[in-house]
*Asks:* 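Dropping the structure in here first, questions after.
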Amino acid sequence: MVGTLRREDVPGTERLVGWVHRRRDLGGLLFVDLRDRSGVVQVSFGPEWSDGESLERARHLGSEDVISVEGEVVLRPEAARNPELATGDVELKARHLELLNPAVTPAIPVFRGPSEELPSEELRLRHRHLDLRRSELQGNLRLRHRLILAVRNYMDGLGFLEIETPILTKPTPEGARDYLVPSRVHPGEFYALPQSPQLYKQVLMTAGYDRYFQIARCFRDEDLRADRQPEFTQIDVEASFIQPDDLFGWVEGLMSTLAVVGEVDAPTPFPRMRYTEAMDRYGSDRPDLRWELEISDWTGALGTADSELLRGAVATGGRLRGLRLPGGGTLSRKEVEGLEVVAKAAGAPGLLWAKRTAEGGSGPLARWMEPEHWSATGAAEGDLLVVAAGPDRVTSPALAAVRAAVIRALKLPKVRAHAWLWVLEFPLFLEEGGRLFPGHHPFVLPHPEDVGRIEGEPTSVRSLAYDLVYNGAEFGSGSIRIHDAGLQRRVLRRLGMADEDIDRKFGFLLEALASGAPPHGGIALGMDRIVKDFVGAPSLRDVIAFPKTTAARALFEGAPTPASPSDLAELRLDVRVGRSE
RNA sequence: GGGGCUGUAGCUCAGCUGGUUAGAGUGCCGGUCUGUCACACCGGAGGCCGCGGGUUCGAGUCCCGUCAGCCCCGCCA
């Protein structure tokens with residue numbers, strides 16, 4: 001291939017095919033950079049070694065023309081070598097050129113010079129065939145391929161079977177919105193695309209396939225983010241007769257295998273932290289431990305301050321928590337107020353702050369700060385304190401957002417480049433508006449010590465659910481599952497479902513559990529995010545060949561589109577648009 | 001559903017407190033050039049200023065709406 005030519009190939013005759021990357025016409029001499037997915041090599045044309053017709057054709061080559069050139073591989077003159085190019089010592093002296101397929105002038109350039117901006121995201125997606133020709137994206141997709149291959153080899157080595165599960169499946173009763181697919185055979189009835197193979201893999205466990213995995217496509221009809229696509233790929237894993245430690249060992253082994261491929265560090269075992277501790281120290285269930293900065297609890301330290309706001313927050317059951325930022329005094333008032341904006345955007349009513357200065361202190365909080373308050377927080381001269389007052393459910397997200405912002409603003413040094421973490425014991429239930437929701441999903445096994453509190457104190461029940469976190473991103477989420485039909489029913493009832501609903505929606509699962517389901521558990525790892533973070537891409541769109549926009553459109557092929565009247569008639573569907581109900 | 005940013009030549013962008021003929025780089029077309037590699041140099045073509053409405057003597061610029069892309073909140077069991 002063109003990118004693999006080296007001085008060892010001199011002398012030799014080659015016929016190379018590829019795309020015209022760039023052309024430099026010096027008059028008598030003419031150079032073409034020929035590109036394929038292996039790289040670029042320089043092809044030279046000149047009257048002494050190129051036939052006349054080929055030379056004339058070469059003069060009119062345009063970017064992205066597909067050509068075939070045949071000639072001698074030669075060492076370039078000493079002064080004309082290009083150390084920036086892997087093939088820079090050699091070139092192909094073209095005897096003959098064939099134009100295999102001329103290309104129209106590309107709508108977006110494939111070649112990009114140093115310091116040239118990428119075309120807009122919209123155009124890159126619209127002309128995806130051109131964008132995908134760039135070496136960055138080709139490199140990303142090549143790494144993705146190698147990671148998937150490594151997953152399959154590793155899981156196979158542990159005795160896991162890859163088993164495919166349906167894409168046309170049953171709507172999920174809770175959770176994300178489903179993509180629905182109408183049934184022609186059963187008018188008015190719909191399949192759903194799977195949000196994950198969750199129930200199928202549990203059924204596979206009951207069927208005795210005690211080690212299952214799948215590179216599984218999943219679909220969720222929810223609004224998108226840079227790290228969320230409506231269809232995405234999970235490494236789905238489930239195994240029987242296991243404890244969390246078994247799974248952690250396998251996943252740590254898998255991740256260090258992938259890390260070698262992706263050239264990142266993944267020293268095992270990964271540290272572990274309980275959910276409550278993560279929320280307490282970092283305000284997040286997926287803390288980014290590349291930085292050490294932690295949240296402090298100053299309820300005792302500042303609760304005595306003569307401030308109505310502070311005392312009020314404590315009196316109503318809240319806490320005073322904040323961050324001590326050594327050297328944060330260098331931030332301007334405007335920058336600190338920017339942190340307050342961040343806190344408000346994350347849902348906090350406000351953010352108090354004080355700088356400790358030689359004269360005492362400055363900032364809205366400073367007037368309440370007596371010497372004992374300063375010392376109780378450990379603030380030294382030049383430090384900045386930011387404090388959020390209120391219930392943890394409000395202050396945690398705010399302080400997590402402020403922590404991230406302040407790390408950026410102060411350019412705090414990383415203490416490690418790759419931070420892996422298991423977060424354990426997620427709550428089984430979350431409460432919102434007086435209603436209970438599953439913390440993870442309704443099939444998670446309650447912590448054995450907490451089962452007795454399911455009815456009485458549901459929000460205090462821990463679960464055997466765990467997340468794998470890398471650099472503050474959720475890489476995977478899993479749990480030990482309920483294998484007892486009675487306990488499963490108990491949990492579903494506690495979530496507010498009536499028995500007939502349970503039987504209708506989950507009857508097949510309960511029946512399977514009751515028919516000899518082994519204890520089992522598993523995890524689902526986000527393949528796209530793994531690739532994204534390993535290559536350092538800013539968006540999932542850079543590691544998916546044909547991604548959707550934030551509005552879930554496919555710009556290249558133009559999906560979705562209205563269905564034709566005949567299709568709708570066959571499906572017996574009526575469409576009403578432009579009417580909001 | 002909400003908030004923010006962006007939309008000007010094929011592409012990347014500039015365009016001031018509203019002012020008369022909308023610019024640059026690159027790409028494209030033509031020309032010169034035998035060692036270039038973001039080749040260089042000379043010349044040329046290329047514009048629904050996203051779309052619709054409004055304010056104004058006058059709108060790329062201000063206002064309202066709308067569409068598209070991106071980022072965030074909600075949402076994502």
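The analysis underlying the following values was restricted to heavy atoms, covering all of them including side chains, and did not include hydrogens, waters or symmetry mates. Letters go in sequence order (proteins before strands), and every chain restarts at 1. Quick caveat, the model's predicted, so the values are computed rather than measured.
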*Asks:* Would you say the side chain of A/R225 and the base of B/G74 hold a donor-acceptor pair, judged only by whether the two atoms sit under 3.5 Å apart?
*Replies:*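 Present.
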
*Asks:* Does A/R59 have more than 12 heavy atoms from other residues, nucleotides or ligands lying within 6.0 Å of its CZ?
*Replies:* yes

*Asks:* Considering only B/C75, B/G35, B/C11, which nucleotide approaches the side chain of A/L123 most closely?
*Replies:* B/C11

*Asks:* Side chain of A/D223 only, heavy atoms from C-beta on: which candidate in B/U36, B/G69, B/C75 is closest?
*Replies:* B/C75

*Asks:* Answer yes or no: does atom CH2 of A/W422 have more than 12 heavy-atom neighbours from other residues, nucleotides or ligands under 6.0 Å?
*Replies:*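 Correct, the count exceeds 12.
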
*Asks:* Between A/G46 and A/T105, just flag the one whose closest nucleotide in RNA chain B comes earlier from the 5' side.
*Replies:* A/T105

*Asks:* At 4.0 Å (heavy atoms only), tell me whether A/P77 reaches a base, stays on the sugar-phosphate, or touches nothing.
*Replies:*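 Result for A/P77 = base.
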
*Asks:* Picking from A/R23, A/R24, A/H21, what satisfies side-chain hydrogen bond (donor to acceptor under 3.5 Å, both in side chains) with A/D33?
*Replies:*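 For A/D33, the side-chain hydrogen bond (donor to acceptor under 3.5 Å, both in side chains) test succeeds with only one of A/R23, A/R24, A/H21, which is A/R24.
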
*Asks:* Considering only B/C37, B/G69, B/A38, which nucleotide approaches the side chain of A/R553 most closely?
*Replies:* B/G69

*Asks:* Where the side chain of A/L29 is concerned, which of B/A38, B/G69, B/U34 is the nearest nucleotide?
*Replies:* B/U34

*Asks:* Would the base of B/G25 count as contacting A/E117 through its side chain, where contact means a donor and an acceptor less than 3.5 Å apart?
*Replies:*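 A donor-acceptor contact between them is absent.
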
*Asks:* Is it true that A/Y275 and A/Y466 have ring centroids separated by less than 6.0 Å?
*Replies:*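 Between A/Y466 and A/Y275, which both carry aromatic rings, the centre distance is not below 6.0 Å.
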
*Asks:* Out of B/C75, B/G69, B/G35, which has the shortest distance to the side chain of A/A80?
*Replies:* B/G35

*Asks:* Assess whether a salt bridge exists between A/E122 and A/R126, defined as any Lys/Arg side-chain N lying under 4.0 Å from an Asp/Glu carboxylate O.
*Replies:* yes

*Asks:* Round to the nearest Å and state the distance from A/D131 atom CG to B/U12 atom P.
*Replies:*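 To the nearest whole Å, that distance equals 11 Å.
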
*Asks:* Looking only at N and O atoms, is any donor in the side chain of A/E116 or the base of B/U26 less than 3.5 Å from an acceptor on the other one?
*Replies:* no

*Asks:* Whom does B/C5 pair with, Watson-Crick or G-U wobble, provided both distances fall under 3.5 Å?
*Replies:* B/G69

*Asks:* Could you say whether A/L224 or A/P109 is positioned toward the 5' end of RNA chain B, judged by the nucleotide with the nearest heavy atom to each?
*Replies:* A/P109

*Asks:* Which whole number of Å gives the distance between the C1' atom of B/G2 and that of B/U55?
*Replies:* 29 Å

*Asks:* Any strand is fair game: report the nucleotide pairing with B/U26 by Watson-Crick or G-U wobble, both distances under 3.5 Å, or none.
*Replies:* B/G10

*Asks:* What I want to check is whether an N or O donor and acceptor connect the side chain of A/R228 with the base of B/C76 at under 3.5 Å.
*Replies:*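 Checked by distance alone, the answer is yes.
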
*Asks:* I'd like to know whether CZ of A/F190 has more than 12 heavy-atom contacts from other residues, nucleotides or ligands below 6.0 angstrom.
*Replies:*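 Yes - once you tally the heavy atoms of other residues, nucleotides and ligands closer than 6.0 Å, there are more than 12.
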
*Asks:* Regarding A/E84, tell me which of base, sugar-phosphate or nothing describes its non-hydrogen contacts under 4.0 Å with the strands shown.
*Replies:*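 Result for A/E84 = nothing.
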
*Asks:* Side chain of A/R76, base of B/C37: donor and acceptor closer than 3.5 Å?
*Replies:* yes

*Asks:* Can you identify which nucleotide, out of B/U12, B/G10, B/C37, has its nearest atom closest to the A/A107 side chain?
*Replies:*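 The answer is B/G10.
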
*Asks:* Side chain of A/R22, heavy atoms from C-beta onward: which of B/A68, B/C39, B/G35 has the nearest atom to it?
*Replies:*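 Of the candidates, B/C39 comes closest.
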
*Asks:* Mind checking who B/A40 pairs with, Watson-Crick or G-U wobble, both distances under 3.5 Å?
*Replies:*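 Across all strands, the one nucleotide that pairs with B/A40 is B/U32.
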
*Asks:* Classify the side chain of A/S115 versus the base of B/A38 as yes if they form a donor-acceptor pair under 3.5 Å and no if they do not.
*Replies:*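 In this structure, the two groups form a donor-acceptor pair.
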
*Asks:* Rounded to the nearest Å, what distance is computed from the CG atom of residue A/D25 to the P atom of nucleotide B/C28?
*Replies:* 12 Å

